[in-house]
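Presented below is the structure to which this report refers.
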2 protein chains.
Amino acid sequence: MSNAQAPAPISRREQILREAARLFAERGFHGVGVDEIGAAVGISGPGLYRHFAGKDAMLAELLVGISERLLDGGRMRVAEGGESPEAVLRALIDGHIDFALDDRPLITLHDRELDRLREADRKRVRQLQRQYVELWVEVVREVYPVCAEVEARSAVHAVFGLLNSTPHLSARAGLLPRAATESLLKRLALGAFAAAADRDPLPAK
Amino acid sequence: MSNAQAPAPISRREQILREAARLFAERGFHGVGVDEIGAAVGISGPGLYRHFAGKDAMLAELLVGISERLLDGGRMRVAEGGESPEAVLRALIDGHIDFALDDRPLITLHDRELDRLREADRKRVRQLQRQYVELWVEVVREVYPVCAEVEARSAVHAVFGLLNSTPHLSARAGLLPRAATESLLKRLALGAFAAAADRDPLPAK
DNA sequence: GAGTGTGGTTAACGCCCATTAACCCGGCCA
DNA sequence: TGGCCGGGTTAATGGGCGTTAACCACACTC
């Protein structure tokens, strides 16, 4: 029942990637050595080179992978299309929240270690991120047509910052159960977008 | 007219700290060498050791400094007290936004490089951060008494993520003028808090 | 005008760490 | 049975980098 004839339900490679993601997120790309990554999966040191060209390659695969999955997920939700733009926006938010809660280390890496990539990989990741942002911007502008494009883009970035804040909560005591966190983040994000669209609710300081 | 008899309006030390902050934020603590920091202020390499005990000491001073200034600023605004809790919350948000926009590199460092500190410094910074969060939590709960404490705390963390998102905007084209960014971020933050307090606005998905 | 301290310099040391070399062993195919 | 090969091992190599040593020069005092 535990291991059927599934050939490699979780390959060595994936195992390494997951541990590397965790370690990179905890102590930074430069802060963790290959020996540590190896130790985390039970092999030691240079054994990793049987699976990856180098430390950089691991980071590249992680960042490209997460960017692709985010974009694919977003596109899927947009394509499915809800009954309304509001429904699509809610779906995007739900998806991003799931992602942030399921893959905390990757979310952390996502905006921390981008510059450690080689030029080509960095460009690719940035392009994927840009497309993901634009996906959101379009939906936001459908829901709130009054919102200017630059404003919508800034708001989207800000809401990403909000949704991606969950890693910071992990270390703190008194955390909410997962469902409550999801619900709260969703309300926060929707509230923020709604407020972005309200023109001049605070004319004076 | 350029340099009057002002003795040291900007000391070497401060100059080093500012450049170090910028570089650390750009490429990470481990990603920048002491030679680069030196070069950024016109001296080279080990000359820095006339001003700091080591690279770690620079980071420690930066992180402790920013944490103290954030907390002090927050306490000041709370002590001044507005006409209402709402006014205090708005003041806190304004202050944090100014900080985030004025000291982008420090904001970045703030939650990226904390673990590179020696135990003692890290504890101190964490304590300051915690006090700053609790300051906000109290004010938020005054404004929205319906909000549970854990929920308020999570919301505050999330809003910090939102407000601290500005560094991510810098590299992107089409940025808003500063005043517009301030106004937008403020609306987003207030909208998020307001939404956090609304109970069950989205019962079903 | 000698003496001292502050803020530099360059050269050298030593460690850490990614990567490579050389070797090894247990399955699998013929 | 014999050889290939995937996936390990430990040892060696080499570069980068934080830090220290040794030395220097100006400014300012006595």
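Residue numbers start from 1 in every chain, and the chains themselves are labelled A, B, ... in the order their sequence lines are given, proteins ahead of strands.
- Nearest heavy atom pair, residue A:Ser165 against residue B:His157, reads CB-O, 3.9 Å.
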>> Apply ring pair (Phe, Tyr, Trp, His ring centres under 6.0 Å) to residues A:His96 and A:Phe160 and explain how you reach the verdict.
In response: CA-CA 9 Å; A:His96 196 101; A:Phe160 284 170; 5.0 Å; yes
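- Electrostatic pairing of A:Arg178 and A:Asp102 counts as a salt bridge here, judged by a charged N lying under 4.0 Å from a carboxylate O.
- In this structure, A:Ile43 places its CD1 atom 14 Å from C1' of D:dT10, rounding to the nearest Å.
- We find that CG of B:Leu48 is positioned 13 Å from C1' of D:dC17, with the value rounded to whole Å.
- For A:Arg69, there are no side chain to side chain donor-acceptor pair (under 3.5 Å) partners at least two apart in sequence or on another chain.
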>> One character per nucleotide, please: for nucleotides 10-24 of chain C, 5' to 3', B when the base has a protein heavy atom closer than 4.0 Å, S when only the sugar-phosphate does, - otherwise.
In response: BB------SBB-BB-
Result block: side-chain N/O donor-acceptor pairs under 3.5 angstrom for residues 40-52 of chain B, not counting sequence neighbours:
none

Table please: side-chain donor-acceptor pairs of residues 109-116 of chain B below 3.5 Å, with sequence neighbours left out.
from, atom 1, to, atom 2, distance (Å)
B:His110, ND1, B:Gln129, NE2, 3.3
B:His110, NE2, B:Gln129, NE2, 3.4
B:Arg112, NH2, A:Asp111, O, 2.5
B:Glu113, OE1, B:Arg116, NE, 3.2
B:Glu113, OE2, B:Phe29, N, 3.1
B:Arg116, NH2, A:Arg27, O, 3.1

Close N or O pairs between protein and nucleotides 27-29 of chain C (under 3.5 Å):
none

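- C:dG8 atom C1' lies 16 Å from atom CZ of B:Phe52, rounded to whole Å.
- In this structure B:Asp121 satisfies the salt bridge (charged side-chain N to carboxylate O under 4.0 Å, His left out) test together with B:Arg118, sequence neighbours excluded.
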>> Would B:Arg12 and B:Gln15 count as a side chain to side chain donor-acceptor pair (under 3.5 Å) here? Give the steps.
In response: CA-CA 5 Å; B:Arg12 215 357 110 67; B:Gln15 190 189 7; 3.0 Å; yes
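- Following rounding to the nearest Å, B:Gln15 (CD) and C:dG8 (C1') show an atom-to-atom distance of 14 Å.
- Side-chain nitrogen and oxygen atoms of B:Arg12 include at least one within less than 4.0 Å of the OP1 or OP2 phosphate oxygen of C:dG8.
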